[in-house]
Amino acid sequence: MPRKPDTPKPTPAELELLQVLWPMASGTAKQVHQEMQKTKPDVTYATVLRLMQIMHGKGLLVRDESERSHVYAPAHAQDSVETNLLKDLMQRAFAGSAKALVLAALKTGISRKEREEIEELLKEDKPADQPEDKPGAKK
């Protein structure tokens, strides 16, 4: 029997809610609803509450029931969920190839600032056996 992943995979609507809740750290359905309305004015309180209840049942949210208004918090760190989703996408769409995934992402167009940030990350992550690019160094 296949092992269940540690981090459940959220639906697009659940991911949208998590992206509102992660910066808040925790909140009531009312607080999350108010935040979501800033970008989705048509979302109803009932929809947010029901989605949060479903997410709690799936293990995506934890709930503190000690107060009258239940306080919800993400059960998993943002980077953990994103890593899980990225691994899934890489397996399903790119045959497990991180290189193919990165190349596809770069082909979609990135800003000059994003490109500079990526180049800096790549420079920081050079293996120890590769010399740094220094002025005057032979290549």
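The first residue in the sequence is number 1, and the count goes up from there. All figures in this text were calculated on a predicted structure; none of them were measured in a lab.
The minimum heavy-atom distance linking T28 with S69 is given by the pair CG2-CB, 3.9 Å. The nearest pair of heavy atoms linking V43 to H33 is O-NE2, 3.0 Å. Counting all heavy atoms, side chain and backbone alike, K9 lies closest to K58 at O-NZ, 4.3 Å.
Residues L89 and L15 do not share a hydrophobic cluster, clusters being chains of Ile/Leu/Val/Met/Phe/Trp/Tyr side chains in contact below 4.5 Å. When hydrophobic clusters are built by joining Ile, Leu, Val, Met, Phe, Trp and Tyr residues whose side-chain heavy atoms come closer than 4.5 Å, directly or via intermediates, F94 is not grouped with L85. Hydrophobic cluster membership is shared by I110 and L122, with clusters built from Ile, Leu, Val, Met, Phe, Trp and Tyr side chains linked at under 4.5 angstrom.
The CG atom of L103 lies 11.0 Å from the OG1 atom of T108; values are rounded to the nearest 0.5 Å. In this structure, the separation between OH on Y45 and CE on M36 is 13.5 Å, given to the nearest 0.5 Å.
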Could you list the donor-acceptor pairs under 3.5 angstrom formed by side chains in residues 18-26, with sequence neighbours left out?
from, atom 1, to, atom 2, distance (Å)
W22, NE1, H76, O, 3.1

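Looking at T47, T11, V32 one by one, the single match for side-chain contact (heavy atoms from CB on, under 4.5 Å) with L17 turns out to be V32. Applying side-chain contact (heavy atoms from CB on, under 4.5 Å) to R63 and the options M52, M55, H70 leaves one that passes, H70.
Salt-bridge check for K113 with E117: passed, with a basic side-chain N closer than 4.0 Å to an acidic carboxylate O.
Counting non-hydrogen atoms of other residues, nucleotides and ligands closer than 6.0 Å to CD of E67 gives a total of 12 or fewer.
Applying the side-chain contact (heavy atoms from CB on, under 4.5 Å) test to V62 and every residue at least two apart in sequence or in another chain returns A73, A75.
Inter-residue side-chain proximity for Y72 and Q53 is flagged as met; some heavy-atom pair is nearer than 4.5 Å.
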